[in-house]
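The next block holds one structure in the form of structure tokens; read it before the comments.
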Amino acid sequence: MLQPKKTKFRKQQKGKMKGNSERGNKLAFGSFGIKALEETWLTGRQIEAARQAITRRMKRQGQLWIRVFPDKPLTKKPAEVRMGKGKGAPESFVARVSPGRIIFESEGVSLEIAKEAMRLGSQKLPIGCRFIVRRDYAEA
């Protein structure tokens with residue numbers, strides 16, 4: 001599961017997610033990718049589930065890049081605990097995803113395989129995603 005080796009602070013405030021992604025919104029490594037259409041927090045488990053679905057469909061051919069990393073700690077209080085007494089302990093890590101953010105990129109497979117693999121991967125994510133192709137991509 002994806003998570004940072006160490007963090008500067010144990011807990012973080014929730015923060016606001018508004019507007020479109022200004023960074024990470026263009027294909028940088030591969031020819032194909034999936035782009036987020038909504039804003040959400042993606043957990044390490046969700047990213048890993050999508051990665052496994054994509055690599056299985058690609059039959060481990062080509063390359064896959066994960067463009068998001070869960071570095072924000074998510075806290076939760078234990079079940080059946082009364083209100084108050086401070087913030088809960090960190091439970092997992094999440095990645096902030098804004099609309100327009102590229103989540104996965106791939107290279108080295110055909111257009112049909114990449115499209116199907118990214119479709120299967122996006123089904124594992126809790127948001128709507130769009131399959132995108134590099135503008136200068138030409139099938140050989």
Side-chain angles (χ1 to χ4, degrees):
M1 197 166 56
L2 289 172
Q3 67 180 40
K5 286 190 176 77
K6 68 183 220 176
T7 56
K8 190 169 184 180
F9 298 105
R10 233 174 109 236
K11 300 174 184 177
Q12 230 179 68
Q13 291 186 337
K14 280 187 182 166
K16 293 275 185 274
M17 279 194 298
K18 57 181 190 194
N20 296 333
S21 180
E22 294 188 11
R23 292 165 161 237
N25 53 9
K26 293 180 177 63
L27 289 173
F29 304 103
S31 296
F32 315 107
I34 48 177
K35 180 182 267 203
L37 299 177
E38 304 164 41
E39 58 195 24
T40 190
W41 287 344
L42 288 181
T43 65
R45 285 170 179 260
Q46 290 166 342
I47 296 168
E48 179 62 17
R51 184 197 66 79
Q52 285 178 0
I54 293 169
T55 50
R56 271 204 193 111
R57 182 61 191 93
M58 285 171 40
K59 296 184 178 163
R60 295 191 303 164
Q61 297 171 346
Q63 262 187 306
L64 181 73
W65 290 271
I66 305 170
R67 295 285 307 275
V68 292
F69 184 78
D71 58 350
K72 180 181 178 66
L74 190 68
T75 62
K76 207 168 205 181
K77 289 181 80 93
E80 298 180 18
V81 172
R82 291 184 179 187
M83 286 285 163
K85 303 279 188 271
K87 192 168 177 163
E91 190 183 65
S92 63
F93 286 87
V94 294
R96 298 172 213 78
V97 174
S98 307
R101 177 81 191 196
I102 306 291
I103 302 172
F104 290 100
E105 287 188 37
S106 68
E107 178 73 71
V109 289
S110 69
L111 178 65
E112 294 79 36
I113 292 174
K115 195 168 193 172
E116 178 64 15
M118 294 296 183
R119 184 189 68 79
L120 292 171
S122 66
Q123 285 181 342
K124 304 290 182 188
L125 302 175
I127 53 170
C129 297
R130 176 178 290 146
F131 176 73
I132 57 169
V133 181
R134 186 183 290 280
R135 190 173 287 157
D136 58 355
Y137 174 76
E139 231 177 307

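In this chain, residues are counted from 1 in sequence order.
- When all heavy atoms of Gly19 and Pro99 are compared, the pair lying nearest together is O-CD, 3.5 Å.
- Arg57 contributes no side-chain N or O that, together with a main-chain N or O of Gly121, makes up a donor-acceptor pair within less than 3.5 Å.
- Closest approach of Glu105 and Ala28 over heavy atoms only: OE2-N, 3.0 Å.
- Distance check, rounded to the nearest 0.5 Å: CE of Met58 to CD of Gln63 gives 8.5 Å.
- Put simply, CH2 on Trp41 and NZ on Lys72 are 5.0 Å apart, with the number rounded to the nearest 0.5 Å.
- Salt bridge annotation for Glu112-Lys115: absent, with no cationic side-chain nitrogen under 4.0 angstrom from a carboxylate oxygen.
- Evaluation of the ring-ring contact (aromatic ring centres under 6.0 Å, His included) test over residues 52-85, restricted to residues two or more places apart or in two chains, returns Phe29-Trp65.
- To the nearest 0.5 Å, the span separating CZ on Arg56 from CZ on Arg51 amounts to 9.0 Å.
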| task | Show the numbers, then the answer: is there a side-chain contact (heavy atoms from CB on, under 4.5 Å) between Cys129 and Ile103? | result | CA-CA 9 Å; Cys129 297; Ile103 302 172; 4.2 Å; yes
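- Residue Ile102 belongs to a hydrophobic cluster whose other members are Leu27, Ile132, with links defined by side-chain heavy atoms closer than 4.5 Å.
- In this view, Arg130 satisfies the salt bridge (charged side-chain N to carboxylate O under 4.0 Å, His left out) rule with no residue, not counting sequence neighbours.
- Here the NZ-CZ distance, from Lys26 to Arg134, works out to 12.0 Å after rounding to the nearest 0.5 Å.
- Val109 and Leu120 end up in different hydrophobic clusters when Ile, Leu, Val, Met, Phe, Trp and Tyr side chains are linked at under 4.5 Å.
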Please tabulate, for the side chains in residues 33-40, all donor-acceptor contacts under 3.5 angstrom to protein atoms that are two or more places apart in sequence or on a different chain.
from	atom 1	to	atom 2	distance (Å)
Glu38	OE2	Gly128	N	2.9

| query | For Ser98 and Asn20, what are the C-alpha separation, side-chain angles and deciding distance, and is it a side-chain contact (heavy atoms from CB on, under 4.5 Å)? | reply | CA-CA 6 Å; Ser98 307; Asn20 296 333; 5.9 Å; no
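- Residues satisfying the salt bridge (charged side-chain N to carboxylate O under 4.0 Å, His left out) test with Glu116, not counting sequence neighbours, are Arg119.
- Minimum heavy-atom separation, Pro90 to Arg10: CD-NH2, 3.4 Å.
- Between Thr55 atom OG1 and Phe104 atom CZ the span is 9.0 Å, to the nearest 0.5 Å.
- Here the closest heavy-atom approach between residue Gly24 and residue Arg67 is recorded as CA-NH2, 3.6 Å.
- When each of Leu42, Asp71, Thr7 is checked for a side chain to side chain contact (heavy atoms under 4.5 Å, CB included) with Phe93, only Thr7 meets the rule.
- Ile47 and Val94 fall into different hydrophobic clusters, where Ile, Leu, Val, Met, Phe, Trp and Tyr side chains are chained together by heavy-atom contacts under 4.5 Å.
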| task | Apply side-chain contact (heavy atoms from CB on, under 4.5 Å) to Phe32 and Ile113, showing your working. | result | CA-CA 10 Å; Phe32 315 107; Ile113 292 174; over 6 Å; no
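- To the nearest 0.5 Å, atoms CD1 (Ile127) and OG (Ser122) are separated by 9.5 Å.
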For residues 74-87, which side-chain donor-acceptor pairs fall under 3.5 Å, sequence neighbours excluded?
from	atom 1	to	atom 2	distance (Å)
Lys77	NZ	Gly84	O	2.7
Lys77	NZ	Gly86	O	2.7
Lys87	NZ	Gln12	O	2.7

